[in-house]
Amino acid sequence: RMMRKNIYLIHFRIRKSASPTSFRLTEKFVLLLVFSAFITLCFGAIFFLPDSSKLLSGVFFHSSAVETNTRTGTDSDSNVAVGTDEKILTKIRKDHEKALVEEVNHPSQICLDLNLFLSLVPFLSLCPQMMTFAWDSYKRYAWGSNELRPVSKQGHSSNLFGSIKGATIVDALDTLYIMEMFEDFDMATEWVEKNLDFNVNAEVSVFEVNIRFVGGLLSAYYLSGKEVFRRKAIELGEKLLPAFKTPTGIPWALLNLKSGIGRNWPWASGGSSILAEYGTLHLEFMQLSKLSGNPAFAEKVMNIRKVLNRLDKPQGLYPNYLNPNSGQWGQHHVSVGGLGDSFYEYLLKAWLMSDKTDEEGKKLYYEALQAIETSLIRKSSSGLMYIAEWKGGLLEHKMGHLTCFAGGMIALGADGAPEDKTGHQMEQASEIARTCHESYARTTLKLGPEAFRFDGGVEAIATRQNEKYFILRPEVIETYMYMWRLTHDPKYREWGWEAVQALEKHCRVEGGYSGVRDVYASSPNHDDVQQSFYLAETLKYLYLLFSDDDHLPLEHWVFNTEAHPLPVIKKEMTDTDKPSQLE
């Protein structure tokens, strides 16, 4: 921040010196020389920084990306590397020439872009270090366990995964690959091949195992081309199919992988299935059908739509609970946060992943979004837009951290919005992003609470003790990433950098990163869990927020709800096609 202020001050003083009465001619000449030397030094530093092409593209020059070499299979191709290096050098030369022209024509814009670039340098160095620290801590203290306890420095396992092990390993595979941590990726690959075992007599969450394990394995396969990931993903997918053995085909929430016996959470509205769980299988199961040639995966998730299409929706909304036996709604509770969130996300992304051929998914998404706008989106007295929850016809003016993904979702779908609503939806996305940033800014630790309220004179603040915790969640960073990609407004990177500083200051401990129990406390009380999604989502979205737009471009990749990138299924692609690189 101080560097940014100093640069702005230099720029201000140089502009001020343009006044004919400010300096004598000799002083102007000296000042011009200093300024020229400064610009030359910055350009020289940029071009000799490691991987400078990635830094330049989209950050300094706002230009298209340089194609970068990525590994395919087990070995890298030296010939490809040589060709890529030549492309990089050519691109740098062109960008340099373009920059010189822009310097002459738009000196103030160059100054602003330089400020932006200089402000990014600390993060571009820090982000891979954060991932390395989180991963190395997991390796040192919890290797093979599902997650890490960074304070007590030991492994941690949630009952969500039954006795399946290695959730952090599988969840982090694509992040390791994307950040070019290839030695660690190879170590994780070896563990998957030798130790990842789904033949367990244990009950697992179908939703969590799907988004983390199936999604993680699919993404690792598409990025690296390693057959072990395809094989393991299909094996696990087949073990999840018995969850759909219900009278309606709406799957159970919990499944014993050995016996194939399923059930629902006992607390879920009379044994109901949960919207965000049965509605968040579509992307992964469509990819499984494509890779395996087995249509059963796609048929199961398409049947879910048929059941939903037959039901009346109260005010066009989807209640969070559905009985898999009767096929009727349970309690009329509607949320775009917990229990509902990723259902809406997957309607949109199903259309995008289908290369925009899934017209039914598109229609269902925009109809649902319209109902959400009409019934749930509200503004506070000071003008903060939020998405409330709906319980039996009454609004609860509460917004969860989980709901903050919606800013990114709405922005991602705005381009395909009907009736020229693109601008309107982008404005909605921007306002939701601002509200979620406020939920961070209004805490002591500058980290967002699990939920925040808009009632009793309170705005964007948690008022209940059980809503004040932060567990390294990614949703706010996710929205920043999408908003940056789609608007290039620098405030989203500034907000991302604020989050990085808070994570480093308050969540980093000797043995990794930990959530905190109260974001309003003067000092952090750590919960002693490094969630697997911190490596899969939070750190990946931060990295992509500051990366070039063509690093996993949104027109070619769709992120599942655990931030695992899956390729758009092109109409012309065959079952044997597999993307071999990031671009």
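Everything numeric here is computed off the predicted structure, so don't read it as measured data. Below, each value reflects all heavy atoms present in this structure, side chains not excepted, and no hydrogens, waters or symmetry copies.
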Do you see a donor-acceptor pair shorter than 3.5 Å between the side chains of [X] and [Y]?
{"X": "Glu373", "Y": "His424", "answer": "yes"}
{"X": "His332", "Y": "Asn320", "answer": "no"}
{"X": "Tyr513", "Y": "Glu504", "answer": "yes"}
{"X": "Lys421", "Y": "Gln370", "answer": "yes"}
{"X": "His437", "Y": "Glu498", "answer": "yes"}

Working to the nearest 0.5 angstrom, can you tell me the gap between [X] [atom1] and [Y] [atom2]?
{"X": "Tyr541", "Y": "Ser547", "atom1": "OH", "atom2": "OG", "value": "13.5 Å"}
{"X": "Tyr534", "Y": "Thr175", "atom1": "OH", "atom2": "OG1", "value": "11.5 Å"}
{"X": "Cys507", "Y": "Ile471", "atom1": "SG", "atom2": "CD1", "value": "11.5 Å"}
{"X": "Ile387", "Y": "Ile377", "atom1": "CD1", "atom2": "CD1", "value": "5.0 Å"}
{"X": "Thr479", "Y": "Leu545", "atom1": "OG1", "atom2": "CG", "value": "11.0 Å"}
{"X": "Ile372", "Y": "Gln428", "atom1": "CD1", "atom2": "CD", "value": "10.0 Å"}

Is any side-chain N of the basic residue among [X] and [Y] closer than 4.0 Å to the acidic one's carboxylate O?
{"X": "Arg305", "Y": "Glu360", "value": "yes"}
{"X": "Lys349", "Y": "Glu345", "value": "yes"}
{"X": "Glu467", "Y": "Arg453", "value": "yes"}
{"X": "Arg434", "Y": "Glu438", "value": "no"}

Of all heavy-atom pairs between [X] and [Y], which one has the smallest distance, and what is that distance?
{"X": "Ala414", "Y": "Thr422", "result": "O-OG1, 2.7 Å"}
{"X": "Tyr482", "Y": "Gly408", "result": "CB-CA, 3.8 Å"}
{"X": "Gln530", "Y": "Leu472", "result": "CA-CD1, 4.2 Å"}
{"X": "Asp358", "Y": "Ala350", "result": "OD2-CB, 3.7 Å"}
{"X": "Cys404", "Y": "Met399", "result": "SG-CE, 4.2 Å"}
{"X": "Pro319", "Y": "Val334", "result": "CA-CG2, 3.9 Å"}

Where the side chain of [X] meets the backbone of [Y], is there a donor-acceptor pair that is under 3.5 Å apart?
{"X": "Lys362", "Y": "Leu348", "answer": "no"}
{"X": "Ser219", "Y": "Asp174", "answer": "no"}
{"X": "Thr444", "Y": "Tyr520", "answer": "yes"}
{"X": "Thr487", "Y": "Met483", "answer": "yes"}
{"X": "Lys313", "Y": "Leu308", "answer": "yes"}
{"X": "Thr443", "Y": "Tyr440", "answer": "yes"}
{"X": "Glu562", "Y": "Ala536", "answer": "no"}
{"X": "Ser335", "Y": "Glu389", "answer": "no"}
{"X": "Asp527", "Y": "Val529", "answer": "yes"}
{"X": "Asp550", "Y": "Pro553", "answer": "no"}

Do the non-hydrogen side-chain atoms of Gln287 and Pro567 ever get within less than 4.5 Å of each other?
-> yes
Can you classify the ring geometry of [X] versus [Y] as parallel (below 30°), tilted (30 to 60°) or perpendicular (above 60°)?
{"X": "His551", "Y": "Tyr543", "result": "perpendicular"}
{"X": "His333", "Y": "Tyr321", "result": "tilted"}
{"X": "Phe452", "Y": "Phe454", "result": "perpendicular"}
{"X": "Tyr366", "Y": "Trp351", "result": "perpendicular"}

Verify salt bridge (charged side-chain N to carboxylate O under 4.0 Å, His left out) between Lys363 and Glu359, making sure each step is shown before the conclusion.
-> CA-CA 6 Å; Lys363 178 176 180 290; Glu359 290 295 330; over 6 Å; no
side-chain hydrogen bond (donor to acceptor under 3.5 Å, both in side chains) against [X], all qualifying residues, sequence neighbours excluded:
{"X": "Lys379", "value": "Glu431"}
{"X": "Ser380", "value": "Ser382, Glu459"}
{"X": "Ser342", "value": "Thr280"}

If you count the non-hydrogen atoms of other residues, nucleotides and ligands that lie under 6.0 Å from CG in Asp420, is the total more than 12?
-> no
Take atom CG in Asp489; do more than 12 heavy atoms of anything else shown fall under 6.0 Å from it?
-> yes
Arg473, Lys398, Arg517 screened by salt bridge (Lys or Arg N to Asp or Glu O under 4.0 Å) with Glu450, the one that passes = Arg473
Taking only residues two or more places apart in sequence or in another chain, which ones pass side chain to side chain contact (heavy atoms under 4.5 Å, CB included) with Ala368?
-> Tyr318, Tyr344
Mind checking ring pair (Phe, Tyr, Trp, His ring centres under 6.0 Å) for Tyr278 and listing every partner two or more places apart, or none if nothing turns up?
-> none
Give every residue pair that meets the salt bridge (Lys or Arg N to Asp or Glu O under 4.0 Å) criterion with at least one member in residues 275-285, sequence neighbours excluded.
-> none
CA sep, side-chain torsions, deciding dist, call: Leu352, Val568, side-chain contact (heavy atoms from CB on, under 4.5 Å) = CA-CA 7 Å; Leu352 296 175; Val568 170; 5.8 Å; no
